[in-house]
Amino acid sequence: MIEEISAGLYRIEIPLRNSPLKALNSYVVKGGERTLVIDTGWNREECLNAMHAGLTTLGVNLRNTDFFITHMHSDHLGLLPALRTDASSAYLSRADADRFNSGIPIDEFAQFARLNGFPEDELEATLRSHAGFRFRAKQRMDFQTLKEGDILRVGDYQFTCVETPGHSWGHMCLYEPHRRILVAGDHILGDISPNIQLWSDEWNPLKAYLSSLDKVSGLDFELVLPGHRGLLRNAQERIRELKRHHQERLEEITRILKMGGMNAFEIGARMTWDIVYDSWDTFPISQKWFAIGEVLAHLRYLDEEGIIQKQTQDQIRIYSLTRK
Ligand SMILES: [Zn+2]
């Protein structure tokens with residue numbers, strides 16, 4: 001499916017089978033000499049076929065095409081090696097380029113998950129069957145790294161890079177001030193909330209995400225091009241909603257911890273989740289993984305705010321409210 005969004009700017013829908021995201025939006029900006037493709041899809045055949053069909057319809061020659069990747073997740077970056085030629089530039093933030101090239105630290109994720117009460121018997125299978133792992137780009141790659149304020153020109157479009165860490169370390173949006181367009185990647189989505197996860201003690205992604213939301217809300221745009229689902233027009237309201245959503249999550253966890261100290265997996269089991277399964281026990285394990293990653297991001301935030309504390313008992317991390 002191809003849609004022209006504004007002159008020379010198109011969306012190709014790349015299917016993500018069996019994912020609740022349903023599809024990835026790849027944006028194609030046709031300039032005179034060069035074309036820019038923004039985000040690509042998973043490294044799997046049906047994504048490649050959809051991309052090839054779209055680019056052929058648009059008359060795009062891959063030898064004249066460069067790529068901008070909003071962040072390193074496999075649904076955005078996975079297909080890049082199958083598309084780029086030796087005449088292509090591939091742009092990504094430094095933080096995500098480094099993370100991508102150091103490989104997925106499965107053992108570290110597993111250790112952190114174990115520490116947080118994730119059941120041992122399901123852990124390895126969960127990680128290996130994760131779509132982001134199965135459909136990732138499998139080789140190291142050279143990128144041209146971009147930072148805040150850098151400019152990408154394609155035809156009449158002049159995009160400014162806006163660093164928006166949170167959904168990933170180096171997530172980056174593109175802002176076109178003259179056309180008042182924000183290419184948002186997974187920083188702002190419409191009917192689903194971007195997944196903010198934590199699987200190490202290295203950073204506070206929720207804090208980063210909330211300040212990245214404040215940052216883009218200060219820009220003047222009218223159209224948001226998200227990485228998944230439909231385009232957004234009333235984005236300031238959506239930004240407020242996303243901030244409220246996380247505030248409510250923080251309050252829910254605080255309420256749950258009034259029952260006493262517990263680990264992240266036990267907290268996740270007591271939270272309300274906006275998905276189709278009847279109960280936590282019937283969640284597929286892959287969904288539990290996303291859910292616990294979210295819980296951990298919120299716990300880290302509450303910990304840094306001094307609202308909760310953590311201690312380790314029998315190799316499991318237990319969170320509890322701090323006494324004030
Ligand atoms: Zn995505």
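The figures here come from the full heavy-atom set of this structure, side chains too, leaving out hydrogens, waters and symmetry mates. Order of listing sets the numbers, starting from 1, for every ligand and every atom in it.
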Measure from the ring center of [X] to the ring center of [Y] and say whether it is less than 6.0 Å.
X	Y	value
His71	His187	no
Phe265	Phe118	yes
Trp169	Phe100	no

The Zn ion (ligand 1): which protein N, O or S atoms are under 2.8 Å away?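 You should have found Asp75 OD2, His76 NE2, Asp186 OD2, His228 NE2.
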Write out all pairs satisfying salt bridge (charged side-chain N to carboxylate O under 4.0 Å, His left out) with one or both partners inside residues 56-70, taking only residues at least two apart or from two chains.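 Checked against salt bridge (charged side-chain N to carboxylate O under 4.0 Å, His left out) - neighbours excluded - the pairs reaching residues 56-70 are Arg34-Asp66, Arg63-Asp86.
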Charged N to carboxylate O under 4.0 angstrom, Arg300 versus Asp303?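 No, Arg300 and Asp303 are not salt-bridged.
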Tell me whether the rings of His167 and His171 are parallel (<30°), tilted (30 to 60°) or perpendicular (>60°).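 Plane angle over 60°, so perpendicular.
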